[in-house]
Q: 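Input: one structure, supplied below.
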Amino acid sequence: KAKPEYGRAVDMLTTAAIEKHPQLFWRICLEVLTALLARWRMLINAIDVRHEKAIRWATRLGFRLDPPGPFGAEGRDFRLFTVTREDLRV
């Protein structure tokens, strides 16, 4: 059984409102990411490759993305993304 403090799956949701306030959104993202990584050593999930903005955002935040691969019942391409405390020096 995995230790709960080791890693956590995170959902990264977006809306059109983000584009109206990009600097505020960026600052809050960094604050939340720092808080999450203070609790868990690694954050992980997957992004549908069709969501190009989400992929750019995750990359900019410091997440590492794996190459696309089939995932889920429909076998659509997703990219696994991860970030650790060490990646961001939190």
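Owing to the predicted nature of the structure, the values given are computational and were not obtained by experimental measurement.
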Q: Please find the pair of heavy atoms, one from Val49 and one from Pro68, that lie closest to each other, and give the distance.
A: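 Heavy atoms of Val49 and Pro68 come nearest at CG1-CB, 3.8 Å.
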Q: I'd like to know if Ile55 and Phe78 are part of one continuous hydrophobic network [Ile/Leu/Val/Met/Phe/Trp/Tyr, side-chain heavy atoms within less than 4.5 Å].
A: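 No, separate clusters.
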Q: Are Phe63 and Leu43 close enough, and set up right, to give a side chain to side chain contact (heavy atoms under 4.5 Å, CB included), and what steps lead you there?
A: CA-CA 9 Å; Phe63 285 85; Leu43 304 175; 4.2 Å; yes
Q: Where do Gly75 and Pro70 come nearest, in terms of heavy atoms and distance?
A: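 Looks like O-CB, 3.5 Å.
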Q: In sequence, state the C-alpha distance, the side-chain angles, and the governing distance for Arg60 and Arg56, and then conclude on side chain to side chain contact (heavy atoms under 4.5 Å, CB included).
A: CA-CA 6 Å; Arg60 185 174 176 210; Arg56 285 194 306 269; over 6 Å; no
Q: Can you check side chain to side chain contact (heavy atoms under 4.5 Å, CB included) on Trp26 and Leu61, steps first, answer last?
A: CA-CA 9 Å; Trp26 178 254; Leu61 282 169; 3.4 Å; yes
Q: Is there a donor-acceptor contact under 3.5 Å from the side chain of Arg41 to the main chain of Arg85?
A: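 No: the side chain of Arg41 does not pair with the backbone of Arg85.
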Q: Are Leu36 and Ile47 linked, directly or through intermediate hydrophobic residues, by side-chain heavy-atom contacts shorter than 4.5 Å (ILVMFWY only)?
A: yes
Q: Applying side chain to side chain contact (heavy atoms under 4.5 Å, CB included) between Arg79 and each of Leu65, Thr59, Asn45, report the one that passes.
A: Leu65
Q: Considering residues at least two apart in sequence or located in another chain, which fulfil the side-chain contact (heavy atoms from CB on, under 4.5 Å) criterion with Phe25?
A: Ile18, Cys29, Trp57
Q: Considering residues, nucleotides and ligands other than Glu31, do more than 12 of their heavy atoms fall under 6.0 Å from its CD?
A: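 More than 12 within 6.0 Å, yes.
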Q: List the atom of Val83, the atom of Leu37, and the distance in Å for their closest heavy-atom pair.
A: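 Looking at all heavy atoms of both residues, the shortest contact is O-CD2, 4.0 Å.
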Q: Before giving the answer on side chain to side chain contact (heavy atoms under 4.5 Å, CB included), spell out for Thr84 and Arg64 the whole-Å C-alpha distance, their side-chain angles and the decisive distance to 0.1 Å.
A: CA-CA 9 Å; Thr84 66; Arg64 287 182 273 146; 3.8 Å; yes
